[in-house]
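Inspection log for the structure reproduced underneath, given as structure tokens.
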2 protein chains.
Amino acid sequence: MSIATELVEIIFKDLTLTFKEKQLLAQNFKKLNLPKHSLLLEAGQQVYDQYFVADGCLRTYYIDPDGKEHTVQFAIEDWWISDYTAFFSSSNAVMNIECIQDATLFKISKKDMELLYLKIPKLESFFRKKMERAFASFQKRIISNLAQSASERYLNFVNSYPNIEQNVKNYHIASYLGITTQSLSRIRKDLVKA
Amino acid sequence: MSIATELVEIIFKDLTLTFKEKQLLAQNFKKLNLPKHSLLLEAGQQVYDQYFVADGCLRTYYIDPDGKEHTVQFAIEDWWISDYTAFFSSSNAVMNIECIQDATLFKISKKDMELLYLKIPKLESFFRKKMERAFASFQKRIISNLAQSASERYLNFVNSYPNIEQNVKNYHIASYLGITTQSLSRIRKDLVKA
DNA sequence: CAAAAAAATTGACCTATGGTAATAAATCAA
DNA sequence: TTGATTTATTACCATAGGTCAATTTTTTTG
């Protein structure tokens, strides 16, 4: 069948689904191609959708009142991305989402999602478990922020996202770690020395 | 019926449940009374359960390699608490959970929970939505850590947990904010002045 | 390929927060 | 109630990381 059906087999490859169910899913996803540097979402917009990253690299970031950017999350192949706070509560985005590399995404709206949960209960399990993992990883990040120095957090980051460094700028990493690019630069210099 | 049934009506008061379903739930929850200062969970232990706080105040904290405590979460009436990273992944706790005030809890194991999800699908929705809110609040905390100064974070905290200050020590708050008690003390002094 | 733009590095200095230690205040327990 | 213990405050100095500004390196684009 269509590309969408194929993709559904990637997105939900861990689920055992009937042909009917796959079809139903495929009908609800929409493919999206975005070039590098484009914005998928801007603060203030209504958030209807969440996105599955089939290919490429994106980041979610918050712009604070001083105009400084803070990267909340990177997303590569096989990750989901959105402004989830806004997505869940059907409120307006506070985050921005930018393509760091050309990206292929599959989107689905919250409304369709909730309908699908009713029709395919194992889908709700699937996303509950995803949420649980995302929750756990955010918790790890909070602990890391509380307990570790900037250079420890950097090493931590490099470990957790081993393949991401080719894709992202240093200032993306710095804004994820909560430090300036200058500090990151010094940290890297010191690590080479040591 | 039993106290457990009553409690289930508190825990799941927002759900429309049949008598049978309530009974089923009540059978799976166990009541727990804990005195102030007792440990509900210690790092290293297997985590089988999550806990609903019917009364009292608890905190989840991580002890880093230097022996410093970092408070990840407070829980008062109507909140759920556990080392969720361990609970979800059935691994050992990295966190400790302590009663800050005498507490009444209702616990349920992950195993029983998963079985209940199958028997009562709206339960899965219920917890998925809880997870979504918890995820969103963790995300807010990450942003707050990245974008705000210690005193901004403190004001933020006081706003988010308006009734908690009577229950907790300053060093609990400091360890939640990622600062020393001395810094918190200075921040409070400056706020009085301003 | 060259010029322009963007990103990264470095240096000098600054500031918020940490560490240590002493003291004061609050809480607990006999 | 009082003495003991825990918690909070304050002062003084140390330090990680920030700011500003100049320079170098890398990437982009015509």
Do [X] and [Y] make a side-chain contact, defined as non-hydrogen atoms from C-beta onward lying under 4.5 Å apart?
X	Y	answer
B:K110	B:S90	yes
A:L40	A:N96	no
B:M95	A:Q139	yes
A:V47	A:L41	yes

**Report entry** Residues that B:F74 engages under ring pair (Phe, Tyr, Trp, His ring centres under 6.0 Å), provided they are two or more places apart
**Finding:**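 B:F74 satisfies ring pair (Phe, Tyr, Trp, His ring centres under 6.0 Å) with B:F157, B:Y161, B:Y176 once adjacent residues are dropped.
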Query raised in the report: How would you give the extent of chain A contacts on DNA chain D, as first and last nucleotide 5' to 3' within a 4.0 Å heavy-atom cut-off?
Result: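 Range of nucleotides touched by chain A: D:dG17 to D:dT28.
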Under the salt bridge (charged side-chain N to carboxylate O under 4.0 Å, His left out) test, which residues partner [X], sequence neighbours left out?
X	answer
B:R186	none
A:K13	A:D78
A:D112	none
B:E152	none

Query raised in the report: B:E124 and A:S125: side-chain donor and acceptor closer than 3.5 Å?
Result: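 There is such a pair between these side chains.
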Query raised in the report: Which atom names give the shortest non-hydrogen contact between B:I11 and B:F126, and what distance separates them?
Result: O-CZ, 3.7 Å
Query raised in the report: For B:Q46 and B:N92, which heavy atoms make the closest approach, and how far apart are they?
Result: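 Reported closest heavy-atom pair: OE1-OD1, 2.9 Å.
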Report task. Give me the bend of the helix from C:dC1-D:dG30 to C:dA30-D:dT1, using the axes of the five pairs at each end, rounded to 10°. Result -> 60°
Requested in this report: Name all pairs fulfilling the salt bridge (Lys or Arg N to Asp or Glu O under 4.0 Å) condition that reach into residues 47-66 of chain B, sequence neighbours left out, sorted by first residue then second.
Outcome: B:D49-B:K107, B:R59-B:E69, B:R59-B:E98
Requested in this report: Mind listing the residues from residues 160-186 of chain B sitting with a heavy atom below 4.0 Å of DNA chain C? Number order is fine.
Outcome: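 Those residues whose heavy atoms fall under 4.0 Å from DNA chain C, taken from residues 160-186 of chain B in numerical order, are B:G178, B:I179, B:T180, B:Q182, B:S183, B:R186.
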Query raised in the report: Hey, where on DNA chain C does chain B first and last touch, going 5' to 3'? Cut-off is any atom under 4.0 Å from a heavy atom.
Result: C:dT17 to C:dC28
Requested in this report: Using heavy atoms and a sub-4.0 Å distance, could you list which residues of residues 55-70 of chain B are near DNA chain D? By number, please.
Outcome: none
**Report entry** N-O pairing of A:K31 and A:E6 below 4.0 Å
**Finding:** no
Query - Within residues 31-68 of chain B or reaching into it, pairs that qualify as ring-ring contact (aromatic ring centres under 6.0 Å, His included) - sequence neighbours excluded - result: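 Matches after skipping sequence neighbours: B:F52-B:W80.
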Query raised in the report: If you find the nucleotide of DNA chain C closest to B:Q148 and the one closest to B:K36, which residue's nucleotide is nearer the 5' end?
Result: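 Upstream on the strand: B:Q148.
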